[in-house]
Amino acid sequence: MLTQNIEPNAFTFSSILKACPLESGKALHSQALKLGYESDTYVQTALVDVYARHSDIVSAFKLFEIMPERSLVSLTTMITGYTMNGYVQEARVLFDRMEERDVVCWNAMIDGYSQHGRPNEALVLFRQMLQSKVKPNEVTVVAALSACAQVGVLESGRWIHAYVKSNRIQLNKHVGTALIDMYSKSGSLEDARMVFDQMRDKDVITWNSMVVGYAMHGFSLEALQLFNEMCELGLQPTDITFIGILSACANAGLVAEGWDYFHLMDKYRIEPKIDSDPILWGTLLTAYRIHGNVRLAEKIMDFLAEQDFATSGTYVLLSNIYAAGGDWDGVAKVRALMKSSGVDKEPGYSSIEVNNKVHEFLTGDMKHHKSKEIYRMLEEMNKWLEAHGYMPLSDVVLHNLGEVEKQKSLVVHSERLAIACGLISTQPGTTIKIVKNLRVCPDCHAVTKLVSKITGRKIIVRDRNRFHHFVEGSCSCGDFW
DNA sequence: CTAGGGTTAG
């Protein structure tokens with residue numbers, strides 16, 4: 001166009017600016033200035049978008065600031081730009097100042113929260129949207145379902161599913177996959193599978209989320225079965241599919257099959273790749289915990305601290321390695337190190353959803369309005385455990401306490417409080433679902449197995465990485481986690 | 001003509 005000496009107009013600029021690399025964006029920016037399109041609102045908005053998409057939030061904001069008129073679209077573009085780069089609060093300030101809001105702008109804000117680890121705020125905003133006169137659409141429910149999946153709130157997720165049905169929101173690929181993901185992360189594989197089976201228009205991402213769902217729950221054979229089905233249908237598995245089935249093989253101890261699938265990756269031209277070093281080091285530390293190799297664990301830890309890879313999780317892991325060997329000086333050393341490096345142990349909590357309300361528990365929490373009954377139930381549970389000859393696994397407790405105190409502190413682990421709450425507030429025989437922010441501790445794992453046996457209840461626990469289905473005294477993870 | 005969706009092990 002330029003070589004033919006035809007002058008691009010504002011529309012040309014804004015359309016080319018969509019999906020263009022940063023350097024071309026900059027070039028187009030100066031072109032637009034030369035041709036006098038700098039005050040065109042479409043061009044300006046597209047430029048804000050280009051800069052924000054390439055993490056140049058400063059340039060984006062500079063442009064946004066000098067725009068003579070702020071339209072709904074330009075404000076939404078800036079909100080999206082902010083949230084894309086993690087400036088969720090700044091986005092919210094703009095959002096709150098808007099005089100009118102349409103569905104896209106609500107979606108941008110809700111999704112911004114959801115994609116940046118603030119699912120509860122996403123859900124609060126979603127409820128506010130329902131009160132407003134703007135109707136949610138497919139995009140809204142996908143963002144809201146993703147938030148439900150993160151928090152693990154099955155009842156709220158179900159409500160949104162019902163809302164989809166009764167408000168003529170199309171159950172397209174995106175909505176369907178979000179539903180599958182929400183159901184499996186909220187502990188209901190049955191519902192996830194039901195949505196999966198009902199969907200007519202499935203793509204590889206839909207299949208992946210079902211495969212990953214099965215793998216996450218420890219249903220390895222189902223995951224492999226589904227993988228075979230998708231291959232027979234001629235679908236090309238992706239790296240995520242392989243993550244799902246390889247972890248399924250690992251959890252089920254299917255070593256030979258694991259290698260077969262690993263070699264199959266070649267056929268689909270998928271390169272083995274590792275994209276998160278710190279987590280891999282954490283895995284190595286876990287292995288050293290299992291094998292009690294303190295010296296190597298220390299070496300790794302020094303390295304991690306040096307590289308700024310150390311997280312509260314890796315410190316706690318090292319501390320547990322010391323604690324398991326009775327090295328309380330080591331434990332104290334790690335504590336001091338955590339303090340000096342400004343890393344806090346992430347407080348563990350467990351939550352349970354009862355009647356659409358989420359009840360959250362910290363260790364030793366007394367804030368619940370039914371605390372008295374919950375603690376009475378805990379005592380009851382202890383009696384059951386004692387009668388079954390249960391020995392507490394007190395090694396796992398982080399602190400240097402006497403044996404009696406250690407056991408006391410195990411008894412009030414947040415997971416046990418949540419289970420006690422579930423036992424007193426749901427019908428006998430119903431499944432109890434718990435969500436935890438950390439990994440399950442070995443003691444709580446053993447206790448939950450026994451409680452499932454004694455009460456005849458199925459207890460489903462979602463921890464930081466995966467699901468545990470406790471049924472009749474055993475767990476779907478096969479005690480491997 | 002401008003803005004917005006889904007899956008991710010250890």
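Numbered from 1 within each chain, the chains take letters A, B, ... in sequence-line order.
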**Message:** Test of understanding: with salt bridge (charged side-chain N to carboxylate O under 4.0 Å, His left out), list the residues that count as partners of A:D479, not counting sequence neighbours.
**Reply:** A:K449
**Fill in**
Residue pairs meeting side chain to side chain donor-acceptor pair (under 3.5 Å), one or both in residues 205-224 of chain A, sequence neighbours left out, come to A:T177-A:T206, A:R193-A:Y214, A:D203-A:T206, A:N208-A:T238, A:N208-A:T241, A:H217-A:H469
**Request:** Assign A:T140 to base, sugar-phosphate, or nothing according to its heavy-atom contacts below 4.0 angstrom with the strands shown.
**Result:** nothing
**Complete:** Residues at least two apart in sequence or cross-chain that pass side-chain contact (heavy atoms from CB on, under 4.5 Å) with A:P136, listed by chain then number, are A:F126, A:M129, A:L130, A:T140, A:Y163
**Request:** Assign A:N137 to base, sugar-phosphate, or nothing according to its heavy-atom contacts below 4.0 angstrom with the strands shown.
**Result:** base
**Request:** Would you give the length of the straight line joining atom CD1 of A:I79 to atom SG of A:C105, rounded to the nearest 0.5 angstrom?
**Result:** 5.0 Å
**Prompt:** Looking for any heavy atom pair under 4.0 Å, which part of the strands does A:K202 touch: base, sugar-phosphate only, or nothing?
**Reply:** nothing
**Prompt:** Are A:Y51 and A:F61 an aromatic pair by the rule of ring centers under 6.0 Å?
**Reply:** no
**Item:** side chain to side chain donor-acceptor pair (under 3.5 Å): pairs with one or both residues in residues 59-68 of chain A, sequence neighbours excluded
**Value:** A:D56-A:S59
**Asked** Which pairs pass side chain to side chain donor-acceptor pair (under 3.5 Å) with one or both residues in residues 72-86 of chain A, sequence neighbours excluded?
**Response** A:S71-A:S74
**Item:** Contacting residues from residues 98-131 of chain A, given that a heavy atom lies under 4.0 angstrom of DNA chain B
**Value:** A:D102, A:V104, A:N107, A:Q115
**Request:** May I ask you to check whether over 12 heavy atoms, not counting those of A:W159, lie within 6.0 Å of atom CH2?
**Result:** yes
**Prompt:** Does A:D239 have any salt bridge (charged side-chain N to carboxylate O under 4.0 Å, His left out) partners at least two apart in sequence or in another chain, and if so, which?
**Reply:** A:K273
**Message:** Could you tell me if the side chain of A:V153 sits less than 4.5 Å from the side chain of A:C148, heavy atoms only?
**Reply:** yes
**Message:** Under 4.0 Å, counting only non-hydrogen atoms across every strand here, what does A:R464 touch: a base, just sugar-phosphate, or nothing?
**Reply:** nothing
**Request:** Assign A:L246 to base, sugar-phosphate, or nothing according to its heavy-atom contacts below 4.0 angstrom with the strands shown.
**Result:** nothing
**Message:** Counting the atoms with a prime plus P, OP1 and OP2 as sugar-phosphate, which does A:V73 contact under 4.0 Å by heavy atoms, base, sugar-phosphate, or nothing?
**Reply:** base
**Request:** Return the residues of residues 165-184 of chain A meeting this criterion: a heavy atom under 4.0 Å from some atom of DNA chain B. Order them by number, or give none.
**Result:** A:K173, A:H174, A:T177, A:D181
**Asked** Hey, is B:dG5 sitting syn or anti, using the within-90° cutoff around 0?
**Response** syn
**Item:** Note: A:K436-A:D463 ion pair, threshold 4.0 Å (strictly below)
**Value:** no
**Asked** Can you pull the salt bridge (Lys or Arg N to Asp or Glu O under 4.0 Å) pairs that have at least one residue in residues 112-135 of chain A, sequence neighbours excluded?
**Response** A:R118-A:E121
**Request:** Tell me what A:T77 touches on the nucleic acid: a base, only sugar-phosphate, or nothing, going by heavy atoms under 4.0 Å.
**Result:** sugar-phosphate
**Request:** Assign A:D239 to base, sugar-phosphate, or nothing according to its heavy-atom contacts below 4.0 angstrom with the strands shown.
**Result:** nothing
**Prompt:** Just the endpoints, please: which first and last nucleotides of DNA chain B, 5' to 3', lie under 4.0 Å from a heavy atom of chain A?
**Reply:** B:dC1 to B:dG10
**Any residue meeting salt bridge (charged side-chain N to carboxylate O under 4.0 Å, His left out) with A:R70, in chain and number order, not counting sequence neighbours** = none
**Fill in**
Each base of DNA chain B marked ( ) or [ ] if paired in-strand (Watson-Crick or G-U under 3.5 Å), | if paired to another strand and . if unpaired gives ..........
**Asked** Between the side chain of A:D111 and the main-chain N/O of A:V142, is any donor-acceptor distance below 3.5 Å?
**Response** no
